[in-house]
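Presented below is the structure to which this report refers.
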Amino acid sequence: NSDSQHMHGRCYPLKALDDKGIDAVVCGGMGAKAVQRLNEGDIKAYRANAESAEEIIIRYKEGTLEEITVDDACINHSCQ
């Protein structure tokens with residue numbers, strides 16, 4: 001992500017994903033602004049609460065990954 005070194009609240013995740021045909025991002029957590037901006041680009045964010053990448057892929061295909069919404073996003077660089 002070429003935008004990884006940014007001031008708090010000023011990231012623009014679509015910059016790294018633009019024109020790549022991505023419709024979902026899986027991560028440990030992210031802030032509300034990043035979630036909002038991804039959603040504006042028709043990309044959903046999911047919380048990676050699994051033991052392995054293989055498990056994440058299985059859970060994504062099953063539709064059981066937890067979607068991150070603006071309302072339950074990380075606050076002040078810590079996730080609950």
Side-chain angles (χ1 to χ4, degrees):
N1 180 359
S2 61
D3 195 29
S4 64
Q5 301 301 318
H6 59 270
M7 292 179 58
H8 181 71
R10 297 187 185 269
C11 69
Y12 194 70
L14 291 178
K15 211 189 288 188
L17 306 176
D18 202 21
D19 298 327
K20 302 223 180 349
I22 294 170
D23 60 2
V25 171
V26 180
C27 60
M30 71 174 57
K33 289 267 189 194
V35 172
Q36 178 185 355
R37 289 179 178 152
L38 285 172
N39 290 168
E40 288 169 358
D42 293 323
I43 299 172
K44 292 185 177 184
Y46 295 93
R47 195 171 319 287
N49 51 2
E51 295 294 318
S52 67
E54 181 179 16
E55 183 181 346
I56 290 168
I57 292 167
I58 290 168
R59 291 180 64 194
Y60 176 77
K61 288 179 178 180
E62 293 173 342
T64 60
L65 277 180
E66 175 190 357
E67 184 174 350
I68 304 171
T69 66
V70 172
D71 294 331
D72 68 359
C74 299
I75 299 171
N76 297 325
H77 294 269
S78 65
C79 289
Q80 300 170 343

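Position 1 is the first residue of the sequence, and the numbers go up from there. Because the structure is a prediction, the values reported are computed rather than measured.
- Under the rule for a side-chain contact (heavy atoms from CB on, under 4.5 Å), the partners of Glu51 that lie at least two apart in sequence or sit in another chain are Glu55.
- Distance check, rounded to the nearest 0.5 Å: CG of Asp23 to NZ of Lys44 gives 9.0 Å.
- What you find for Ile68 and Gly29 is that their closest heavy atoms are CD1-CA, 4.1 Å.
- We find the CD-CZ distance between Glu66 and Arg59 to be 9.0 Å, quoted to the nearest 0.5 Å.
- Separation of atoms CD (Gln36) and CD (Glu40) is listed at 4.5 Å; rounding is to 0.5 Å.
- Nearest heavy-atom pair across Ile22 and Val25 is CG2-CG2, 4.4 Å.
- Tyr60 shares a hydrophobic cluster with Val26, Tyr46, Ile56, Leu65; the chain of contacts runs through ILVMFWY side chains whose heavy atoms sit under 4.5 Å apart.
- Few gaps surround CD on Glu62; more than 12 heavy atoms of other groups in view lie less than 6.0 Å from it.
- Contact detail for Met30 and Ala73: the closest heavy-atom pair is O-CB, 3.3 Å.
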